[in-house]
Amino acid sequence: MRIISGIYKGRKIIGYNVEGTRPTQDRIRESLFGMIQLKLRDASVLDLFAGTGSLGLEALSNGAMDCTFVDSNPKCIANIKKTLQEFRIENANLLNLDYQKALALFEEDHRKFDLIFLDPPYRYQNIEEILGILTEKCLINEDGIIVCEFESDDLKSDYAMLRKIKEKRYGSKTISIYQYK
């Protein structure tokens, strides 16, 4: 698995084979980043359920200001750390935490993000709940976006202050993009 665009294009990402991870395929990442390219420059990014970190790394490669990677699996965090070291990326934070604890920490620190990748393992059918938490705790900046990748029923068009602005299906996977207003 490699970075598909930006300053780290072609560089190898470590950890694509960790049990329990489901890295976003290259063609899906390429399409996704084409849809959000105007939101990347100088964005503060949260890669929740980071896994390999491919989405956050791709965002950093394409001009994001910083990225916070959150995953409860210590192997995933260790692999992301190795990739960050190999790429010499310093504008990243790693949190080996359950997503609920991480979101509570961000609320406590009054931390907000411009771009949030929400790609939980498919066994967690709780994207709607997480979208609610993100808006309730005010963890997204005005006009910020949340990218959801899932394999289940459709998500609603609106959640509180979130409005669906794009959706695309890739076989059994769906990408929905919401904007905070």
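Residues Gln179 and Ile145 meet the side-chain proximity criterion, which asks for heavy atoms closer than 4.5 Å. Residues Ile36 and Leu115 form a side-chain contact, since some pair of their non-hydrogen atoms from C-beta on lies under 4.5 Å apart. Side-chain contact between Arg163 and Ser157 is absent, with no heavy-atom pair separated by less than 4.5 Å. Annotation: side chain of Val147 is not in contact with side chain of Leu55 (no heavy-atom distance under 4.5 Å). Proximity of Lys112 to Asn141: side-chain heavy atoms (C-beta onward) are separated by under 4.5 Å at one or more points. Phe69 has its side chain out of reach of Leu48: every pair of non-hydrogen atoms, C-beta onward, lies at least 4.5 Å apart. Looking only at side-chain heavy atoms (C-beta outward), Leu118 and Tyr178 stay at 4.5 Å or farther from each other. Contact check for Asp47 versus Thr68: no side-chain heavy atoms found under the 4.5 Å cut-off.
Once rounded to the nearest 0.5 Å, the distance linking CG of Asp71 with CD1 of Ile80 reads 6.0 Å. Note that CG of Leu139 and CG of Leu103 are 6.0 Å apart. Values are rounded to the nearest 0.5 Å. Separating the CD1 atom in Ile146 from the OG atom in Ser176 is a distance of 11.5 Å, to the nearest 0.5 Å. Here Lys137 contributes atom NZ and Glu108 contributes atom CD; the two are 10.5 Å apart, rounded to the nearest 0.5 Å. Distance check, rounded to the nearest 0.5 Å: CG of Asn79 to NZ of Lys81 gives 12.0 Å. In this structure, Phe150 CZ and Asn126 CG are separated by 13.0 Å, a value rounded to the nearest 0.5 Å.
Side-chain atoms of Arg11 never come within 3.5 Å of backbone atoms of Thr83 as a donor-acceptor pair (strictly under, hydrogens ignored). Side-chain atoms of Lys166 come within 3.5 Å of backbone atoms of Met35 as a donor-acceptor pair (strictly under, hydrogens ignored). Asp42 contributes no side-chain N or O that, together with a main-chain N or O of Met65, makes up a donor-acceptor pair within less than 3.5 Å. At distances below 3.5 Å, at least one donor-acceptor pair connects side-chain atoms of Asn96 with backbone N or O atoms of Ser72. Side chain of Thr174 to backbone of Tyr170: no donor-acceptor contact under 3.5 angstrom is found. Between the side chain of Glu58 and the backbone N or O of Ser5, at least one donor-acceptor pair lies under 3.5 Å. Between the Asp114 side chain and the Gly144 main chain, no donor and acceptor come within less than 3.5 Å of each other. Ser31 places no side-chain N or O within 3.5 Å of a backbone atom of Ile28 that could act as its donor or acceptor partner.
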- Could you check Lys168 against Lys173 for side chain to side chain contact (heavy atoms under 4.5 Å, CB included), going step by step and ending with a plain yes or no? CA-CA 9 Å; Lys168 188 153 185 184; Lys173 295 183 185 200; over 6 Å; no

Determine, stepwise, if the pair Leu46 / Phe106 fulfils side chain to side chain contact (heavy atoms under 4.5 Å, CB included).
-> CA-CA 10 Å; Leu46 171 60; Phe106 300 143; 3.7 Å; yes

The test is side chain to side chain contact (heavy atoms under 4.5 Å, CB included); show your working for Leu60 and Val45 and say whether it passes. CA-CA 9 Å; Leu60 289 168; Val45 177; over 6 Å; no

Does the salt bridge (charged side-chain N to carboxylate O under 4.0 Å, His left out) test come out yes or no for Arg111 and Asp66, once each step is laid out?
CA-CA 13 Å; Arg111 181 77 198 273; Asp66 61 60; 3.2 Å; yes

Determine, step by step, whether Thr52 and Ile14 satisfy the side chain to side chain contact (heavy atoms under 4.5 Å, CB included) criterion, reporting the C-alpha distance in whole Å, the side-chain angles of both residues, the deciding distance to 0.1 Å, and the verdict.
-> CA-CA 7 Å; Thr52 62; Ile14 298 168; over 6 Å; no

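In the hydrophobic cluster analysis, where Ile, Leu, Val, Met, Phe, Trp and Tyr join through side-chain heavy atoms closer than 4.5 angstrom, Leu162 is grouped together with Leu134. The cluster map of Ile, Leu, Val, Met, Phe, Trp and Tyr, joined by side-chain heavy atoms under 4.5 Å apart, puts Ile116 and Leu95 in the same cluster. The hydrophobic cluster containing Met1 also contains Leu57, counting ILVMFWY residues as joined when their side-chain heavy atoms lie under 4.5 angstrom apart, directly or transitively. Hydrophobic clustering of Ile, Leu, Val, Met, Phe, Trp and Tyr side chains at less than 4.5 Å, counting indirect connections, unites Ile7 with Ile13. Taking hydrophobic clusters as Ile, Leu, Val, Met, Phe, Trp and Tyr residues chained together by side-chain heavy-atom distances below 4.5 Å, Leu32 shares a cluster with Ile165.
Minimum interatomic distance between Arg29 and Ser54 (heavy atoms only, all atoms of both residues): CD-OG, 3.8 Å. Between Val70 and Ala102, the closest heavy-atom pair is CG1-CB, 3.7 Å. A pairwise comparison of heavy atoms in Phe49 and Pro121 identifies CD2-CD, 3.7 Å as the closest pair. Across all non-hydrogen atoms, the minimal contact from Cys67 to Gly56 is SG-CA, 3.6 Å.
Legend: residues meeting ring-ring contact (aromatic ring centres under 6.0 Å, His included) with Tyr180, ordered by chain and number and at least two apart, are absent.
Residue Lys164 qualifies as enclosed at atom NZ: its count of foreign heavy atoms under 6.0 Å is above 12. Environment of CD in Glu128: crowded, with over 12 heavy atoms of neighbouring residues, nucleotides or ligands closer than 6.0 Å. The neighbour count for Glu90 CD, taken as heavy atoms of other residues, nucleotides or ligands under 6.0 Å away, does not exceed 12.
Taking the six-membered ring for Trp and the full ring otherwise, the centers of Phe117 and Phe33 sit less than 6.0 Å from each other.
Comment: Asp143 engages Lys181 in a salt bridge, judged by a side-chain N to carboxylate O separation of less than 4.0 angstrom.
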